[in-house]
Amino acid sequence: MLGNHIAFIGEVNKAKQTEVISKIDTTAGKYEGYFLENKKIIGAILINNREKRPAIIERIKAGGSLQNKTDLLR
């Protein structure tokens, strides 16, 4: 879309029990949004972040447990 690479991975619908954390880098034109339930990553939206896509897919497939949710935003 308009020169951007957009990826929707896993479950990206917001429910009451879903927590969303996100990071925007306006200088690089990048966005990361992660959908969490019970301390597990269940989905993500990535804009212009192709390099993170494979790792996020694997993390979701593996059950996506998080020690610290801010680790996703590094």
Nearest heavy-atom neighbours spanning [X] and [Y]:
{"X": "Ile24", "Y": "Tyr31", "answer": "CG1-CD1, 3.5 Å"}
{"X": "Tyr34", "Y": "Ala44", "answer": "CD2-CB, 3.8 Å"}
{"X": "Gly33", "Y": "Ser22", "answer": "CA-CB, 4.0 Å"}

Quick one: pull up [atom1] in [X] and [atom2] in [Y] and give me the separation to the nearest 0.5 Å.
{"X": "Gln17", "Y": "Asn38", "atom1": "CD", "atom2": "CG", "answer": "8.0 Å"}
{"X": "Thr18", "Y": "Ile42", "atom1": "OG1", "atom2": "CD1", "answer": "4.5 Å"}
{"X": "Ile47", "Y": "His5", "atom1": "CD1", "atom2": "NE2", "answer": "11.0 Å"}
{"X": "Glu37", "Y": "Glu11", "atom1": "CD", "atom2": "CD", "answer": "7.5 Å"}
{"X": "Glu19", "Y": "Ile41", "atom1": "CD", "atom2": "CD1", "answer": "11.5 Å"}
{"X": "Arg59", "Y": "Ile9", "atom1": "CZ", "atom2": "CD1", "answer": "12.5 Å"}

ask   = Between Leu46 and Phe8, is a side-chain contact (heavy atoms from CB on, under 4.5 Å) present by the stated rule, with each step listed?
value = CA-CA 7 Å; Leu46 303 174; Phe8 296 90; over 6 Å; no
key: Close side-chain approach of Phe35 to Ile21, heavy-atom, < 4.5 Å   = no
Reference residue Glu32; test salt bridge (charged side-chain N to carboxylate O under 4.0 Å, His left out); the match among Arg50, Arg53, Lys52 =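 Output: one option passes, namely Lys52.
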query = Can you tell me if NZ on Lys39 sees more than 12 non-hydrogen neighbours from other groups inside 6.0 Å?
reply =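 Open.
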inquiry  = If the test is side chain to side chain contact (heavy atoms under 4.5 Å, CB included), which one of Asp25, Ile6, Asn4 qualifies with Asn48?
reply    =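 For Asn48, the side chain to side chain contact (heavy atoms under 4.5 Å, CB included) check succeeds only for Asn4.
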